[in-house]
Colleague: 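Got a structure for you, written out below as structure tokens; questions coming shortly.
Labels below follow one simple rule: chain letters A, B, ... track the order of the sequence lines, proteins then strands, and each chain is numbered from 1.
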Amino acid sequence: MKSLGKIYQPQKEEKKIYRLWEKSGYFNPDNLPKTKKGYFSIIMPPPNANDPLHIGHAVFVSLEDLITRYQRLKGKRALWLPGTDHAGFETQIVFEKKLEKEGKSRFDFTREEFYQLVYQYTKKNQKTVYQQLKKLGASCDFSRKKFTLDKDIIKIVLNTFEKLYQDGLIYRGERIVNYCPKHQTAFSDLEVKYEEEKGTLFYIQYPLKDGGAVEVATTRPETIFGDMALAINPNDKRYQKLIGKIAIEPLTKREIPIIEDKRVEQDFGTGVLKITPAHDPTDFEIAQDHRLLPRRVIDFQGRLNELAGSLKGLKVLEAREKTIEILKQNNLLIKTEEITHRVGHCYKCHSTIEPMIMSQWFISVNKPFGKEKKSLRDRAIEAVKTKKIKIIPKNFEKNFYHWMKNLKDWNISRQIWWGIPIPVYYCQEQKTEKCQKEKGIIVSQKKLKECPYCHSQNIVKDPDVLDTWFSSGQWPFATLMTAKKGDFEKFYPTDVMETGWDILFFWVARMIMLGIYCTGKIPFKTVYLHGLVRDKDRQKMSKSKGNVIDPLGVIENYGADALRMALIMGTGLGSDIILSEEKIKGFRNFANKVWNASRFVLMNIDDLKKKPNLTKSDQKILKDFQRVIKKVEKHLDNFRFNLAAETVYRYFWFTFADKIIEEMKIRIRENKNKESAQYLLYLILKNSLIILHPFMPFITESVWQSLPEIKGEKREKMILIEKWPTSL
RNA sequence: GCGCGUAUAGCUCAGUUGGUUAGAGCGUCCGUUUUACAUGCGGAAGGUCGUUGGUUCGAGUCCAACUACGCGCACCA
């Protein structure tokens, strides 16, 4: 008690307290006292192992630790399983930037060497991440921590690949993919950011073989070299007589057919669409239906190839200008028009995405399979529709359905070096029927020297790696199957998946699809989505804007408890989290209030040796408090964390500190029913600490350690494993 | 085009099933330092809860329309 100074100093207390918890071993649910029954589990969304934690991570730590601690208090054997993600593409970019600063690139190393370097780098970062989690007060079980590149995790991921392949749900195909010429890799549809942009629509004349001409509008004249047809809408009366005729592609004078297809919009441009199957998704689809072959004219560096003749080697934009010049000289450019259209950009470097034909691995999300004859997509939708999985806030369920409805096959190949290699070889000779039937594809997790079917040694390893979300999509069951024996049976399906709404599609949807596919069960019962952290001006926090709040700096200055409260209170369900230093200061003050109220109580009850009877009016005060506890409990059970926090906050400060303590102060001083007053203070303080503990774990534990012994009063040695108060 | 969301005090935001004088933090003004806390305490100013209409005994809360802003998805060449 004497040790409690006038001002709460989190820096002094937090380290000490965390060590106390760690020594107890209670973060591991297996070590909890026998009084804790029933299992509760939450898997941590693995932070990328390429950077220290930022404020966004502090949000999930605050919320998930809050949930875990609450469940522990409520008597559950609560498991919060931590881990880190290798974050394929993201990490490779971060690491390559680092190399760039040293004047190097990944091409200065062999692929093996590069992989090892990044591996070491992520290992180092993981240490930092785990230290930071501790600073935030995370009560996760570090003895179960996992990494997406742990051998046992990789094995599960590759098994899933194999299973999907055998079930015909994964296929290799030549498709139009989203290709970033700078990063030289393809992406899934989700990694493309579409933005409104001003562009020019060029009206170009295509001569007809039989004489005459037709006008075509395009924003990408440089792809004329890849034109394989012109298309018009079958209902377009203007062009009926052109169907079946031959047009002359105006640059290299190739003869191309005029076809009809209802995907052509009559109202756009001239109503005539040039079909460039190799470089446009719609054109690709139309070409497939009309059996037109793609003609690739742009290479993987984003430059025109030899099919463009003199324009070979020019970048797309340069080629566009040149093309227009040539067309002008030949009087084939009729007019230009300014338009705004949506253009896809690489979410990382903002380069214009080049739709390209590439051989890639896709997951068939819409193909029915199994006894139920339902697709991955439909099974996921059903899990949410039937409320097996609940999404909070509820309106995200609609977003989820909307997105799932539009879902197309998922490209999981990435042309990068950092990640889990696709476990496939290609037999180049295909000497046996079996080889040919498989189109030379050999799925194998082991290193192969020859084709297992025809024994040809002319085999090639697939050079690509898997999309990171393919592995993290298996995270809930992969972790529980490997962290500790028996965990999967006890803890799966997990209770809560808590993460940011920005990765609902990237991650959550994929976990649902892959979880159900691999285990036959949903991966989690409730999805809780939190908002993005923004600054006072509603700006997204980013390094480049210079408005980032470093969680560790905040902890250093104001304490982890203050930061956690600031992230939870005043934040409505589903809305973004507005954070400012002033707000954090406010909760630092609250921590100090808790400290001093506790100090006062401890100083004034040290002569209370045994439990007295309470006066009637004191019993009433206790009853009011009981109602507050119930309210907090209800809010927590409903995932209304901000309301729960506000309820505790207001009761502690405005009722307990401002009113009850002030009244009792006088009674103790004037010796009026003094013992009842003292005992009341003790009871309210003790139980306030418990209900406050999930929000502010450090200070509550710290005070708990100083509570005096009172005859007839029992309590746990650590508030961490106390029981949530039910009746007072 | 389809879908979702937001609009409450000077600023940033809470306000679950509609119900007594609409809340917090920061800021402003006045007072306050001998006794838990000035990271405090007491008090004050400040809101026609975006607009209009509707349901209701009663609406910040439900419904409709409108206005403004934001976001997601989609094959506009």
Colleague: Given B:rA36, B:rA24, B:rC73, identify the nucleotide with an atom nearest to the side chain of A:Y649.
Modeller: B:rA24
Colleague: Nearest to the side chain of A:K193, heavy atoms from C-beta on, is which of B:rG40, B:rG72, B:rA77?
Modeller: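 Given the options B:rG40, B:rG72, B:rA77, the side chain of A:K193 is closest to B:rG72.
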Colleague: With distance as the sole criterion, do the side chain of A:R588 and the base of B:rU39 form a donor-acceptor contact below 3.5 Å?
Modeller: yes
Colleague: What is the base-pairing partner of B:rU6, counting Watson-Crick and G-U wobble geometry with both distances under 3.5 Å?
Modeller: B:rA68
Colleague: How about A:E321: does its CD atom have over 12 heavy atoms from other parts shown lying under 6.0 Å from it?
Modeller: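 At most 12 heavy atoms, drawn from other residues, nucleotides or ligands, come within 6.0 Å of this atom.
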Colleague: Counting side-chain heavy atoms from CB outward, which of B:rC37, B:rA77, B:rG40 is closest to A:N592?
Modeller: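 So the side chain of A:N592 is nearest to B:rC37.
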Colleague: Between B:rA9 and B:rA22, how far apart are the P atoms? Round to whole Å, please.
Modeller: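 Taking atom P in both B:rA22 and B:rA9, they lie 14 Å apart.
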Colleague: More than 12 foreign heavy atoms under 6.0 Å from NZ of A:K193: is that the case here?
Modeller: no
Colleague: Say whether A:S702 and A:Q705, considering side chains only, have a donor N or O and an acceptor N or O under 3.5 Å apart.
Modeller: no
Colleague: Under a 3.5 Å cut-off for both distances, is B:rG58 Watson-Crick or wobble paired, and to whom?
Modeller: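 Across all strands, not a single nucleotide pairs with B:rG58.
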Colleague: B:rG15 and B:rA24: how far apart are their C1' atoms, nearest whole angstrom?
Modeller: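 To the nearest whole Å, 10 Å.
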Colleague: Of the nucleotides B:rG42, B:rC37, B:rA24, which one has an atom closest to the side chain of A:F654?
Modeller: B:rA24
Colleague: State which of B:rA77, B:rG5, B:rA36 makes the closest approach to the side chain of A:E265.
Modeller: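 So the nucleotide nearest the side chain must be B:rA77.
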Colleague: Using the C1' atom on both, measure B:rC30 against B:rC13 and round to a whole Å.
Modeller: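 To the nearest whole Å, 27 Å.
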Colleague: Classify the nucleic acid contact of A:K585 as base, sugar-phosphate or nothing, counting any heavy atom under 4.0 Å across all strands shown.
Modeller: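 Answer is nothing: A:K585 stays at 4.0 Å or more from every strand.
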Colleague: Could you check whether A:K335 pairs with A:E215 (Lys NZ or Arg NE/NH1/NH2 to Asp/Glu carboxylate O, under 4.0 Å)?
Modeller: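 Between A:E215 and A:K335 there is no salt bridge, as every charged N stays at least 4.0 Å from the carboxylate O atoms.
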Colleague: Please report the distance separating the C1' of B:rG60 from the corresponding atom of B:rU20, rounded so that it comes out in whole Å.
Modeller: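 Comparing C1' positions in B:rG60 and B:rU20 gives a spacing of 16 Å.
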Colleague: Can you check the distance between B:rG31 and B:rU52, where both ends of the measurement are the P atom (answer in whole Å)?
Modeller: 41 Å
Colleague: For the side chain of A:K634 and the base of B:rU16, is some donor closer than 3.5 Å to an acceptor across the two?
Modeller: yes
Colleague: Choose from B:rC26, B:rA36, B:rC4 the nucleotide whose nearest atom is closest to any side-chain atom of A:E582.
Modeller: B:rC26
Colleague: Report which part of the nucleic acid A:A591 touches: base, sugar-phosphate, or nothing (heavy-atom distance under 4.0 Å, all strands).
Modeller: nothing
Colleague: Between A:F600 and A:K665, is there a cation-pi geometry (under 6.0 Å to ring centre, at most 45° from the normal)?
Modeller: yes
Colleague: Using atom P in both nucleotides, what's the gap between B:rG27 and B:rU12 to the nearest angstrom?
Modeller: 15 Å
Colleague: Return the pairing partner of B:rC75 with a 3.5 Å limit on both distances, Watson-Crick or G-U wobble; otherwise return none.
Modeller: none
Colleague: Mind checking the P distance from B:rU8 to B:rU48? Whole angstroms is fine.
Modeller: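 After rounding to an integer number of Å, I get 12 Å for this pair.
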Colleague: Determine which nucleotide pairs with B:rU35, using a 3.5 Å limit on both distances of a Watson-Crick or G-U wobble pair.
Modeller: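 Partner of B:rU35: none found under 3.5 Å.
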Colleague: NA contact type, A:E581, heavy-atom cut-off 4.0 Å: base, sugar-phosphate, or nothing?
Modeller: nothing
Colleague: Counting side-chain heavy atoms from C-beta on, which of B:rC41, B:rG72, B:rA36 comes nearest to A:M603?
Modeller: B:rA36
Colleague: To check you understand the geometry: which heavy-atom pair defines the closest contact between A:Y239 and A:T270, and what is its length?
Modeller: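 The pair with the smallest heavy-atom distance is OH-O, 2.5 Å.
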Colleague: Considering only side-chain heavy atoms of A:R599, which listed nucleotide, B:rA24, B:rA36, B:rG15, is closest?
Modeller: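 It is B:rA36.
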Colleague: Tell me which nucleotide among B:rC73, B:rG42, B:rA77 gets nearest to the side chain of A:R220.
Modeller: B:rA77
Colleague: In terms of side-chain heavy atoms of A:H402, which of B:rG72, B:rU39, B:rC41 is nearest?
Modeller: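 Nearest listed nucleotide: B:rG72.
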Colleague: My understanding is that a pair needs two contacts under 3.5 Å, Watson-Crick or G-U wobble. By that rule, which nucleotide pairs with B:rU20?
Modeller: none
